[in-house]
Amino acid sequence: MDLHRPPDGTLKLPGADLTPDFFRRPPGVCARALIGCIFRWHGCEGRIVETESYEEFDDPACHTWNRPAARNFIATHDAGTAYVYLNYGVHWLFNVLTKGPEGNGFVLFRALEPVAGLEEMRKRRGVSDEISLCSGPGKLTKALGIMGIHHGVDFLGGGPTGIREGGGMEIVTGGRIGISRAAERPWRFGAAASSCLSRRF
DNA sequence: GTCATGATTCAA
DNA sequence: TGAATCATGACA
């Protein structure tokens with residue numbers, strides 16, 4: 001299994017922090033480009049290995065399809081803002097707002113490969129296995145301590161939160177998971193070699 | 001594989 | 001008031 005980091009976990013890849021401009025592109029473009037980037041959140045870091053994109057219009061699986069609040073969120077927030085919500089009354093899911101001239105939408109973070117702060121993640125998750133620490137959209141929010149209070153937060157300002165540019169990983173695509181409408185659209189993106197995916201492609 | 005879990009949003 | 005929901009862990 002290749003976790004794309006040395007065994008001691010100390011590797012710090014060079015790269016600048018993403019800015020809101022990164023998210024002024026369509027959600028599908030952003031979702032693909034985020035694979036391999038490092039998500040940093042208050043002392044914990046993980047490499048993004050799985051995402052899904054949701055389009056503001058003509059996408060029955062997007063919250064904007066039947067939630068006025070989601071449409072209002074897009075209207076009142078800038079690109080790069082965190083869109084966090086509770087799913088099934090149990091799990092927080094973390095999305096990033098994409099907003100630009102070619103269309104708006106969201107990117108759902110579905111899985112990370114733990115890079116730093118693993119002990120903190122283990123404490124919050126209650127499991128020790130590194131592979132399964134962040135191998136799902138609900139797991140990664142629990143591991144990082146992401147909750148409803150982070151909804152609407154601009155987290156790209158540098159400092160304790162942000163996303164460092166990465167890439168260079170072989171990417172695979174597939175249908176979105178866990179939805180009943182428009183699931184066949186190939187808007188799920190993953191790092192082909194990762195062992196931390198929520199499901200195999 | 002099945003199943004219990006259980007908050008929020010929104011329409012009726 | 002109720003239906004729907006971008007999931008997980010436990011158990012068989």
Nearest-Å distance, CG (A:Leu140) to C1' (C:dA7)?
12 Å
Separation of A:Leu197 atom CG from C:dA7 atom C1', in whole Å?
16 Å
Identify whether NZ of Lys or CZ of Arg in A:Arg188 sits under 6.0 Å from the centre of the six-membered ring of A:Phe201 and within 45° of that ring's axis.
yes
Check: A:Phe23 main-chain N/O paired with A:Asp21 side-chain donor or acceptor under 3.5 Å
no
The correct set of residues in residues 86-99 of chain A placing a heavy atom under 4.0 Å from DNA chain C is A:Asn87, A:Tyr88, A:His91, A:Leu93, A:Asn95
Determine the Euclidean distance between corresponding C1' atoms of C:dG9 and B:dT8; express it in Å to zero decimal places.
22 Å
Each residue besides A:Phe106 in its hydrophobic cluster should be listed here, by chain and number; the cluster joins Ile, Leu, Val, Met, Phe, Trp and Tyr at side-chain heavy-atom distances under 4.5 Å.
A:Tyr54, A:Phe73, A:Ile74, A:Tyr83, A:Tyr85, A:Leu93, A:Leu97, A:Leu108, A:Ile179
Nucleotide interval of DNA chain B bounded by contacts with chain A (heavy-atom cut-off, under 4.0 Å):
B:dG6 to B:dC10
Could you tell me whether A:Arg185 and A:Asp58 make a salt bridge, using a distance below 4.0 angstrom between a side-chain N and a carboxylate O?
no
Look at the aromatic rings of A:His77 and A:His151 and report parallel, tilted or perpendicular, splitting at 30° and 60°.
tilted
Fill in the dot-bracket string of DNA chain B, one character per base: . for unpaired, | for a pair to another strand, ( ) or [ ] for pairs within the strand, taking Watson-Crick or G-U pairs under 3.5 Å.
|||||.|||||.
Between the protein and nucleotides 9-12 of chain C, which nitrogen or oxygen pairs are less than 3.5 angstrom apart?
residue: C:dG9; atom: OP1; partner: A:Arg125; partner atom: NH1; Å: 2.7
residue: C:dG9; atom: OP1; partner: A:Arg125; partner atom: NH2; Å: 3.2

Using a cut-off of strictly less than 4.0 Å between a heavy atom of the residue and any atom of DNA chain C, enumerate the qualifying residues of residues 65-81 of chain A by number.
none
